[in-house]
Amino acid sequence: MSDDLVHPAATPAGTAALLPGPSGGAVAVAGPWLDTAGSVGAVRKGIASLLGGMRVTGRYVARPSTVVTQHYPENRETLRVPERFRGALRFHHDADGYHGCTVCRICEDQCPNRSIVITQREKGALTKKELDTFIWRLDACTFCNTCVMVCPFNVLHFGPGFESAVYDRRLLVYTLNGYAGPTAALLNKQADPDARKAACEPRDPFCGPTVLQALAEKRAARRKAAEAEAAQGVGLKSPAAFEKSAARTAPDPVPVPGPVPVPAPVPVPTQPGSVEAADVG
Amino acid sequence: MNATVATTLRARLDALPSQSLLGTQEYFVNMGPQHPSTHGVLRLVLKLDGETVHQVIPVLGYIHRGIEKICEHSNYRQLVHLTDRMDYLSALANNWAATMVVEKAAAMETNSRIEAIRTLVTELQRIHSHQLWWGVFGMDLGAFTPFFYGFRDREILTDVFERTIGGRLTMNYIQPGGVMHDIHPELVADVKAFLAVFKPRLDEYEALLSENVIVQERLRGVGVLTAQDAVALGATGPVLRASGVAHDLRKAEPYGLYGQVAFDVPVGSRGDCWDRYAVRMQEMRQSIRIVEQLLDNIPEGKHFLVKPAAKIKVKPGVWYSHLETARGVLGAMLVSTGGEAPYRVHFRTPNFNNLWAVTTTATGGRVADLVAILSSLDLVIPDIDR
Amino acid sequence: MATSLLPVSGQALDAQSLVAKIQKLCPAAQLRPDCDRPAVKVPLAHWPVLAQQLFASADLLFDLLETHTAIDWVQTGQIELVYVLTSLQCGHHLTVFVDVARDNPVAPSLCAVWPIAQWQEREVFDLFGVHYTDHPDLRRLFLDDDWQGFPLRKDYADDFMLERPS
Amino acid sequence: MHFDPQSLASRAAHLAPTDPWPALGVVVGSVLGVAAFVTVLGLVLIYAERKIAAHFQCRVGPYRVGPHGTLQAVADAVKLLLKEDVVPTGSDHLLHILAPVLSFAGMVLCIIALPMGPHAQVVDLDIGVLYITAVAGLGVLGILLGGWSSHNKWSLLGAMRAGAQIISYELSAMLALLVAVLFSGTLQLSGIVLAQQEGWWIWRAHGAGLVAFVLFVVAGTAEINRTPFDLAEGESELTAGFHTEYSGLRFAFFFLAEFLNLFVLAAMATTLFLGGWMPLHIGSWSAWNAAMDMLPPGLWFAGKAAAVVFLLMWFRWTFPRLRVDQLMRLEWKVLLPIGFANLFFAAVLVVSGWYFFPTVAAAPVPQLPAAGSSDDAGGAP
């Protein structure tokens, strides 16, 4: 390989002095070799090797302190989840319960699986762009952390909640923001507390419109467009095919008028590790 | 018994249609897609005569997700996290392979701190991966206990990853332009504590499994893959090195900081299951060596050199880069026609190419040998199917 | 007893001399400049012979077919076969591009030169629909035997494909 | 100390002519006792195996059902009882149903002949050793039928492996057994125990006993299909071998038989080489011997059997499995020659009357008055 083709990152400067430098090459492995060529010696060595293994396991059985089992649900109190652990996506609210989301939609755009859907208030209280619902689909999330990385306002972070098992898949669709309304910066400019209150509308984790409904609307629009294309004979897919693929996307039939009838908001127990999407009042 | 009778018997046996002297029939049996030793949804159709394997026909596709197709619809940042799901035991190396080709294509710079962190975590993950392999290998041979010891020690390392990276299996840590998080302040101490625990444990591993006469009898001379066959069948990584070919991209084309650390490349001589086993055991020790050299020498600097949300654009062309994961050469090919999304992405995965060694090495052996061979190839099925 | 392929028996060539050497073997081969590694474009007719020479030629010794895949250039109507070759004995690389027609993709199989090609070609057949002549076992590799279409082609669509939300 | 062993069967036979109802009571009591013993012992062994395995592997094992998971085995048993009993299509229904029963029956038939204490033996056959080796063979029949009737190639492979393995290893087990028989001069199990009053054969028999004990444990492990000889199940090779297609109650029968076979093996090794229920006596140290006699014989038996069971569990959770041809090689080329040589050596020792501890005028094997009919199944010869 010629020098001009070497990836520039392959030889970063500045570390050569610290590290011992390249050395070493191919070494033949033999490993702990048991020569079992002789007959009597073979039996003796074989038995010795077996006893060696039994010594290892015997040492552990003799010392119960080597047990590493954790008694999981009982040790919730002492369980320490690292702060960077990607459990449940959380939406940052400040001390007043205000968020900083400006609906720039970078996270929605960068999410590889489209597991974030943001809806905008039709008519903002203070500005044109105000957050209505920030919807996170845990069922589609791969926990790649990209949304957290790209958010310019540090609104998103991953919390430690890892106990996200539910019996109904639709319960994996969360609304993360505590209220629909303008950002903390705008609200703090309002001197009147009542004006602030009026600008905000509370949201809870399972309030509508859920992402499924939002997607259903998008799908309906796309189906219309596809039908129009098919009528002109330019679409790759037949409307029937579209119907089929649409049916596979959603667990519930579309379209649903009004809020999708998800089961009533399950009271999320506030135990450590549970999904605490509603951590603001 | 006189000679005539013996001759007649011989003639009658020779006249039998089957290859077997006993005149038995061959039969087919499905090993997988749900089988404890195929470690996933690999299906092998076996043509057996009694216990003797006459032919192995791998049938793939049970977990094919079309990662290459999905990449065509992702931008250059998004495609990295898909590689976590190929060889999930080498997620960081996979991330790095994708990152490397994107950085090369987009002419992105890195600094020595980023490279040091990448080298360190990838090497830790090589140990991590081999620990799991060792445990599973023991279990495939019928010993249950190594499985738990392997996982017990792997857990320490998983916790180390969890603190720095936030993920335990799928990392998405190595990104174009750097690494997602700077290393955790406690990382160096954690890794040192791990090494202090793990080094004596490695000796225990040897006493429990390597030196065991049953293991040696089960592995020596079984599943011999000659160097010529290994290269012809595209095998790489420990499988190739066990056959006597000292090919390791960490030495041949050093990336990261591999050019600046001292380590040896363990090489086998026979290419049997034992050599593949011994090479991996030695690789763990070599990885420990590399980690120890890097731990105290991580240079200062930034861990991420571009804006996280910055658009990555690549001019038209074809790029290919490859590196050494715990299982062999992982290549990433990127074809761009300009813009923010690749035109085509192809991953040359080590397991897809290593798998085919089983078709030649397992024939003529027993079913139990086949299990040992499969385990010594250390296959991760999602990496075959992608 | 397996013989070791090491120590390295050949000499690694740099990009220019590698391409020059190949052009001497096959004058029709052209350097492909938009590739980061030494790469040549070879006409389909010359490729089987050149492959054999690349494998056997004493100073090239491309013993490892690292990977083989294809690129579907739907605009130009070509499927471009890609062969990434490595010489473990010499330590150099080469990428070979071969064009086949998209509507009638037929290429020679290289199983006789590099046995791993058998399965890599099956994958390309499965996902791109390239037919390899003289392939011993050309079947679908990942998909069902009765699958219609070739998913990695750019114009592939089926009833079950999910639309990527835009 | 004078022992007066009396089996339950002989007691019943003794009572029968004069007091038929108490005799019947003894019989019914024995049947119920064996049933209860088998069930409880099975659960205890399963719990012990799981706990011991766990601690070999740095785990705690069952922990949730009952204190320290003591009721886990019961819960599992209930679960298995409630499970659907699947009989695969294409299988031989009758044999499929029969196989676990045979396997279980072989094990129970072994247990009734084991002397677990001077009075804790159901039947004391005068050919006890021969009887046990014979009925233990029923187990292999169960495995063979189970694998064959399942209509599954993996099961069939497991069954064939088991057949070849058990038949081969029975030879070695037999040769090891014969050493104890030679030294004791009787085939009666209680007689073998009584003959070890002065010292257990494992050390009293001048090396031959120790070698025979090791041979017996190794061959016995192979006979009951435990790791490192669990080729018939070989979950990493044959998924579960002969019992792949079994579920629910039938699987429970196989499972229980497997664990109780473990006990039968340990009990046999104890009886033949470790003195059975006999306390540990050393020569003429009368104080020591008296101290040892304080423990009841049943406890001695249980303790020794438990030690052997623990040893077998230790094997299982340490060693990998052999390959089928290596298994055969080990038997025919290693164990069998050693077994023959050992038997020959033992015969020489017995003929020359050379023991470690010279026999002090041991009490003769007590004869029960042959009050019943002379052709009763157990009891006095």
Side-chain angles (χ1 to χ4, degrees), chain A residues 1 6-16 18-34 36 42 45-50 52-53 55-57 59-60 66 68 81-86 106-107 109-113 142-146 148-152 158, chain B residues 74 77-78 81-82 100 103-104 109-112 115-116 145 152 155 162-167 170 172 180-181 184 204 206-213 216-217 246 251 253-255 257 259-269 274-275 277-279 281-282 293-294 297 299 308-309 321:
Chain A
M1 196 180 214
V6 173
H7 174 33
T11 52
T15 50
L18 296 169
L19 291 163
S23 78
V27 288
V29 293
W33 192 262
L34 197 64
T36 50
K45 279 180 191 165
I47 292 172
S49 76
L50 297 179
R55 216 182 66 192
V56 172
T57 46
R59 264 211 306 264
Y60 282 113
T66 55
V68 293
V81 180
E83 65 266 36
R84 291 180 189 172
F85 180 71
R86 301 173 202 159
I106 293 177
C107 54
D109 186 48
Q110 288 290 323
C111 178
N113 286 347
T142 56
F143 302 92
C144 68
N145 208 35
T146 306
V148 178
M149 290 247 303
V150 298
C151 179
F158 269 105
Chain B
S74 307
R77 199 185 310 288
Q78 288 168 344
H81 93 289
L82 292 168
M100 199 185 267
E103 283 177 352
K104 192 151 72 159
E109 292 288 322
T110 62
N111 63 25
S112 55
E115 294 297 325
T145 305
R152 173 196 62 190
E155 185 64 24
E162 203 180 354
R163 278 182 103 170
T164 282
I165 295 168
T170 52
N172 192 27
M180 189 172 264
H181 301 287
H184 194 274
E204 256 177 26
E206 304 272 11
L208 183 61
L209 211 56
S210 319
E211 292 168 8
N212 190 305
V213 65
Q216 304 220 346
E217 288 291 316
K251 279 271 183 233
E253 294 165 38
Y255 54 95
L257 290 197
Q260 299 166 45
V261 290
F263 67 101
D264 294 326
V265 179
V267 177
S269 54
W274 171 258
D275 273 349
Y277 175 88
V279 161
M281 291 305 278
Q282 291 304 317
Q293 292 169 48
L294 287 171
N297 296 324
S321 69

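Below, read A as the first sequence line, B as the second, and so on, with proteins coming before strands; counting in each chain starts at 1.
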- Query: What part of B:L209 is in contact with chain A, defined as an atom under 4.5 angstrom from a non-hydrogen atom: side chain, backbone, both or neither?
  - Reply: neither
- Query: Can you name the nearest heavy-atom pair linking B:M180 to A:C144, along with the distance?
  - Reply: CE-O, 3.3 Å
- Query: Hey, mind stepping through A:R86 and B:I165 against side chain to side chain contact (heavy atoms under 4.5 Å, CB included) and telling me if it holds?
  - Reply: CA-CA 9 Å; A:R86 301 173 202 159; B:I165 295 168; 3.8 Å; yes
- Message: So which atom in A:G53 and which in B:L208 form the shortest heavy-atom distance, rounded to 0.1 Å?
- Response: O-CD1, 3.7 Å
- Item | Region of B:R152 that comes under 4.5 Å of a non-hydrogen atom in chain A | side chain
- Message: Measuring only between side-chain heavy atoms, which start at C-beta, is B:N172 closer than 4.5 Å to A:M149?
- Response: no
- Query: Taking B:Q78 for the side chain and A:Q110 for the main chain, is one N or O donor matched with an acceptor at less than 3.5 Å?
  - Reply: yes
- Message: So for B:M281, is it side chain, backbone, both, or neither that comes closer than 4.5 Å to the heavy atoms of chain A?
- Response: neither
- Just by modelled atom types, is the B:T164 backbone N or O under 3.5 Å from a matching donor or acceptor in the A:R84 side chain? yes
- Message: With a 4.5 angstrom heavy-atom cut-off, is it the side chain or the backbone of A:R59 that approaches chain B, or both, or neither?
- Response: side chain
- Message: If we define contacts as heavy-atom pairs under 4.5 Å, which of A:T142, A:I106, A:V68 has the most with chain B?
- Response: A:T142
- Message: Once rounded to the nearest 0.5 Å, what's the spacing between atom CG of A:N113 and atom CG of B:L82?
- Response: 7.5 Å
- Indicate yes or no: at least one non-hydrogen side-chain atom of B:R77 is less than 4.5 angstrom from one of A:T146. yes
- Measuring heavy-atom distances to chain B, does A:Y60 have an atom under 4.5 Å in its side chain, in its backbone, in both, or in neither? side chain
